[in-house]
Amino acid sequence: GAVVSQHPSWVICKSGTSVKIECRSLDFQATTMFWYRQFPKQSLMLMATSNEGSKATYEQGVEKDKFLINHASLTLSTLTVTSAHPEDSSFYICSARDLYAGNTIYFGEGSWLTVV
Amino acid sequence: GDSVTQMEGPVTLSEEAFLTINCTYTATGYPSLFWYVQYPGEGLQLLLKATKADDKGSNKGFEATYRKETTSFHLEKGSVQVSDSAVYFCAQYAGGTSYGKLTFGQGTILTVHP
């Protein structure tokens with residue numbers, strides 16, 4: 001079964017509102033998680049590295065104030081899309097690193113965000 | 001910078017045909033290389049990986065060999081099935097403290113017909 005779970009799988013929100021996506025490691029502790037964004041029929045683009053207990057590291061071109069990342073525990077990272085706009089509609093997917101399993105990377109199932 | 005280039009798709013094959021999806025990379029060091037598969041509406045699943053030159057990763061009939069001399073990691077399968085229809089991503093991790101920060105290729109859509 002899945003070892004990294006994302007929630008919600010699907011979300012529709014109104015333009016201007018904020019939406020939170022959760023990424024949980026189910027049976028291991030993940031000090032580091034990663035958030036990616038995927039546009040339809042395109043590749044995954046790394047948005048940020050989420051570090052437990054410290055600030056996230058954002059990739060160039062990603063707005064920190066728009067995509068808020070919080071990694072408050074060893075099993076949970078959250079991505080909040082603030083003041084969402086239709087162009088934020090995308091597939092967001094997280095991954096988590098299991099240090100004690102040879103740094104194996106597990107991906108979540110992804111979350112579809114549609115902003116209307 | 002580090003990058004991954006995959007052959008452009010989509011690729012359409014008949015069942016039991018031979019599959020090759022080309023992947024080449026650029027990196028300053030010696031990266032670990034991965035193939036991920038994404039089925040419709042789902043997240044990514046690791047298909048196979050190789051961590052050093054000449055390593056061969058294999059899983060579910062798929063194989064890929066890490067070729068340092070040609071900076072390639074082509075994915076092959078001798079006989080594809082309809083259930084192999086998915087998007088395939090080649091990826092690399094170049095090292096450093098942020099292990100898991102992957103660079104992906106653009107993805108190749110594979111459709112297998114009965």
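Sequence lines set the chain letters: A, B, ... in the order given, protein chains first and strands last, and positions in each chain run from 1.
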Exercise. Determine, using the 4.5 Å side-chain heavy-atom cutoff (strictly less than), whether Tyr39(B) and Val112(B) are members of one ILVMFWY cluster.
Key: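 Tyr39(B) clusters together with Val112(B).
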Self-check item: Between Val87(B), Leu44(B), Ile109(B), the one whose heavy-atom pairs under 4.5 Å with chain A are most numerous
Solution: Leu44(B)
Any side-chain heavy-atom pair of [X] and [Y] under 4.5 Å:
X: Asn22(B); Y: Ser72(B); answer: no
X: Leu47(B); Y: Phe89(B); answer: no
X: Trp35(B); Y: Phe73(B); answer: yes

Tell me, for [X] versus chain B, whether the close heavy atoms (under 4.5 Å) come from the side chain, the backbone, both or neither.
X: Gln38(A); result: side chain
X: Ile93(A); result: side chain
X: Tyr106(A); result: neither

Quiz item: Is a side-chain donor-acceptor pair under 3.5 Å present for Ser3(B) with Thr26(B)?
Solution: yes
Self-check item: Lys56(B) with Glu76(B): basic N within carboxylate O range, under 4.0 Å
Solution: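 Salt bridge absent between Lys56(B) and Glu76(B).
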Contact class of [X] relative to chain A, heavy atoms under 4.5 angstrom:
X: Phe104(B); value: both
X: Gln6(B); value: neither
X: Leu46(B); value: neither

